> 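Following this message is one structure expressed as structure tokens.
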Amino acid sequence: MVYLDNNASTKPAPEVVEAVCRVLAGPYGNPSSAHTPGKEAKAIIEEARFEVARLIGAVPEEIFFTSGGTESNNIAIFGAVGETGREKKHVIASLIEHPAITNPLEYLKKAGVAITYLPVDRNGLVNPEALKEALTENTVLVTIMHANNETGVLQPIRELASIARGKGVLFHTDAAQSVGKTPVNVERLGVDMLSLAGHKFHAPKGVGALYIRKCMQGKIKNRVLFGAGHERGMRPGTENTPGIAGLAMACRIAQGVEQTAEKTEHLRDFLLAFLKDAIAGIAVNGAGAVRLPNTLNVRIPGADASELVLALADSVAFSAGSACHEGGKSASKVLKAMGLTDDEAFCSVRISLSRYTTREELKEAVALLQKTVLQAGQGRSGQGSCP
Ligand SMILES: Cc1ncc(COP(=O)(O)O)c(C=O)c1O
């Protein structure tokens, strides 16, 4: 099996597995307890907080552990918007956000909050001028993702955040896809809040963190979960100590993110060249933008991407630019927002690499893709054309 779906989830690093197992089999006290086993567990969490903070250029008190990207996004959004119904409130996002952003926003919309979704251009980029125009005196939050999960396109977060914060508006970024794959620094990005997800960079599933700038913490209150005062009241629930230890190890490994990025970028360039040699008419979605080094989203003329994913399900793991459901297929909202036609989206595939991917695996994957595309093309005699 060649695994090329690292934007969906990644293989836990061996060092991470070891760290998780060590904690799972070891200090099992409740980190909130005053006795020694509790203190041991607490020490693991505080060490981990230091590691997460170090990776993204924050200080430990700015890190709150959560169950992952979805929960971090929900806490950030509901926390920033606060009470709904009385005063008029407005939130700005982009049209290409993950459902972990758009679904909380759609919920708030029903509660009377105005939501503006900024468009993106053919390269998948938000125009900072559009943000300037969309801000109103009622805007309480701007949330724009750092890297897109489908195309890997990186938004100009520094510029966008400075526009919002210049007007006194909180700025959040969903960095679930970028942390661990490319350098991420909250000071350089200039954001107030940032979400990260462990399983996107070789930590276990079900653990992540929310960064909240120290001076903004007074403005944020968890309105999603209610419970005891864990994580200084920001995230109730006994901490997932083994998962957090795994996240810390993944962050320690990700200190070498520059080398990882360089390696995956070389591999991605090799993959694209190899694909172009094997299959005619390959085109990159988001080609004109700065993208995550590990992500390649390409159109394969004449291919049905979701059929390709199924045909190769036992040999190559990757994703399609469309989703199959009862009654048919729908094109990726992200690709549609970039102006692609349904046909272009239907023939688009996302291939995402990791620090563990090898050239040999890519060669094998391309050979299998080529064979399947050719076979399917003959079988479908010209159907599903992809310009
Ligand atoms: C951009 C983005 N945000 C949020 C999430 C959700 O993260 P999690 O699976 O940790 O809840 C994902 C996962 O696919 C994602 O790609």
Side-chain angles (χ1 to χ4, degrees), residues 3-12 16 52 56 63-78 93-107 117-118 120 124-126 141-155 157 160 172-182 184 189 191 193-211 222 224-225 235 237 240 243-244 246-247 250-251 254 285-286 289 291-297 317-321 323 332-335 337-338 350-354:
Y3 188 79
L4 302 177
D5 205 12
N6 289 281
N7 286 7
S9 202
T10 55
K11 168 186 156 155
V16 166
V52 176
I56 61 169
I63 303 300
F64 298 92
F65 291 112
T66 67
S67 67
T70 302
E71 193 183 307
S72 296
N73 287 345
N74 273 263
I75 296 174
I77 291 171
F78 287 102
S94 81
L95 262 182
I96 57 162
E97 299 297 318
H98 189 272
I101 293 286
T102 54
N103 284 338
L105 293 183
E106 287 304 299
Y107 179 92
Y117 293 105
L118 299 177
V120 293
L125 288 166
V126 170
L141 174 70
V142 176
T143 174
I144 295 177
M145 70 199 321
H146 189 199
N148 183 264
N149 43 305
E150 293 187 34
T151 60
V153 168
L154 287 156
Q155 296 299 331
I157 294 297
L160 296 167
H172 166 256
T173 191
D174 175 356
Q177 288 294 346
S178 54
V179 171
K181 292 175 182 149
T182 193
V184 172
L189 292 176
V191 296
M193 294 189 282
L194 177 146
S195 301
L196 63 91
H199 73 109
K200 306 291 187 186
F201 64 108
H202 310 292
K205 290 157 188 63
V207 65
L210 175 63
Y211 155 83
N222 191 331
V224 184
L225 283 174
R235 200 280 186 172
N240 168 10
I244 289 171
L247 178 64
C251 287
N285 293 323
R291 288 169 291 131
L292 282 179
N294 80 316
T295 308
L296 188 64
N297 192 310
F318 61 103
S319 293
S332 143
K333 282 188 188 157
V334 172
L335 299 180
M338 290 164 67
R350 175 188 74 182
I351 302 175
S352 47
L353 319 179
S354 85

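Because the structure is a prediction, the values reported are computed rather than measured. Ligands are counted one by one from 1 in listed order, and the atoms in each one are counted from 1 as well.
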> Could you tell me, atom by atom, which parts of ligand 1 come under 4.0 Å of a heavy atom of Ala197?
10 (O)
> Which is closest to atom 3 (N) of ligand 1 in terms of heavy atoms, Asn73, Asp174, Asn7?
Asp174
> Under the rule for salt bridge (charged side-chain N to carboxylate O under 4.0 Å, His left out), what residues qualify as partners of Glu97, not counting sequence neighbours?
none
> Given Leu335 and Thr151, is the side chain to side chain contact (heavy atoms under 4.5 Å, CB included) satisfied, shown in steps?
CA-CA 8 Å; Leu335 299 180; Thr151 60; 4.0 Å; yes
> More than 12 heavy atoms of other residues, nucleotides or ligands under 6.0 Å from NZ of Lys333: is that the case?
no
> Can you tell me which residue and heavy atom of the protein come closest to atom 10 (O) of ligand 1, and the distance to 0.1 Å?
Gly69 N, 2.9 Å
> Look at atom 11 (O) of ligand 1 and say which protein heavy atom is nearest, naming residue and atom and giving the distance to 0.1 Å.
Thr70 OG1, 2.6 Å
> At what distance is the nearest protein heavy atom to atom 14 (O) of ligand 1, and which residue and atom is it?
Lys200 NZ, 2.6 Å
> For atom 9 (O) of ligand 1, grab the closest protein heavy atom and report residue, atom and distance to one decimal in Å.
His199 NE2, 3.0 Å
> Do the side-chain N and O atoms of His146 and Thr173 include a donor-acceptor pair separated by under 3.5 angstrom?
no
> Looking only at distances, please establish whether an N/O atom of ligand 1 is found under 3.5 Å from an N/O atom of Glu71.
no
> Under 4.0 Å from a heavy atom of Gln177: which atoms of ligand 1 are those, numbered in the order shown and with their elements?
1 (C), 15 (C), 16 (O)
> Taking only residues two or more places apart in sequence, or in another chain, which ones meet Arg350 in a salt bridge (charged side-chain N to carboxylate O under 4.0 Å, His left out)?
Asp5
> What atoms of ligand 1 come within less than 4.0 Å of a heavy atom belonging to Gly68?
10 (O)
> So how far is it from Ile144 CD1 to Asp174 CG, rounded to the nearest 0.5 Å?
11.5 Å
> Which residue and non-hydrogen atom of the protein lie closest to atom 15 (C) of ligand 1, and at what distance in Å?
His98 CD2, 3.2 Å
> Atoms of ligand 1 less than 4.0 Å from Met145 heavy atoms?
1 (C)
> Is a donor from one side chain sitting under 3.5 angstrom from an acceptor on the other, for Asn74 and Asn103?
no
> Distance alone, cut at 3.5 Å: any donor-acceptor contact between the side chains of Asn7 and Lys181?
yes
> Which atoms of ligand 1 sit under 4.0 Å from any heavy atom of Asn149?
1 (C), 16 (O)
